[in-house]
Amino acid sequence: MWRENWSRVIPIFRFGEDIRKVIYTTNAIESLNKTIRKVSRNHRVMPNDESVMKMVYLAIQNQMQKWTMPIRAWRPALNRLMIEFEGRLKV
């Protein structure tokens, strides 16, 4: 599968290690999908659509609490981004 998508994978390696580390650890969409899958796997039978929507809503609310935490190793990545894209970032 990675061979078929190599043209989409390779651009990430153009960034330095500091930037890649932040990209790898901050995939919020994948994290949210994982949370919803985990909750839905534990509750396979739902009486109606409304109960499913409530379950997903509560899972998102719980996940949002984690979004307020600072990104690990952000300062080195930000420094690297400022070097790579000089004049484009305003801090």
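Keep in mind it's a predicted model, so treat the numbers as computed, not measured. Heavy atoms only: backbone and side chains are in, while hydrogens, waters and symmetry mates are out.
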**OP:** Supply the atom-to-atom distance Arg20 CZ to Arg14 CZ, rounded to the nearest 0.5 angstrom.
**Re:** 12.5 Å
Original post:
Is the number of heavy atoms from other residues, nucleotides or ligands under 6.0 Å of Asp49 CG greater than 12?
Top reply: no
Please output the side-chain donor-acceptor pairs of residues 55-62 that fall under 3.5 Å, not counting sequence neighbours, one pair per line with the distance.
{"residue": "Asn62", "atom": "ND2", "partner": "Leu58", "partner atom": "O", "Å": "3.4"}

Side-chain donor-acceptor pairs of residues 78-86 under 3.5 Å, sequence neighbours excluded:
{"residue": "Asn79", "atom": "ND2", "partner": "Arg75", "partner atom": "O", "Å": "3.3"}
{"residue": "Arg80", "atom": "NE", "partner": "Glu84", "partner atom": "OE2", "Å": "3.2"}
{"residue": "Arg80", "atom": "NH2", "partner": "Glu84", "partner atom": "OE2", "Å": "2.9"}

Subject >> All side-chain contact (heavy atoms from CB on, under 4.5 Å) counterparts of Trp2, not counting sequence neighbours >> reply: Trp6
Subject >> Met53-Met64 co-clustered via ILVMFWY side chain contacts under 4.5 Å >> reply: no
Subject >> Nearest atoms (heavy-atom pairs only) where Ala73 meets Val22 >> reply: O-CG2, 3.5 Å
Original post:
Is the side chain of Asn5 donor-acceptor paired with the backbone N or O of Arg8 at a distance under 3.5 Å, no angle test?
Top reply: no
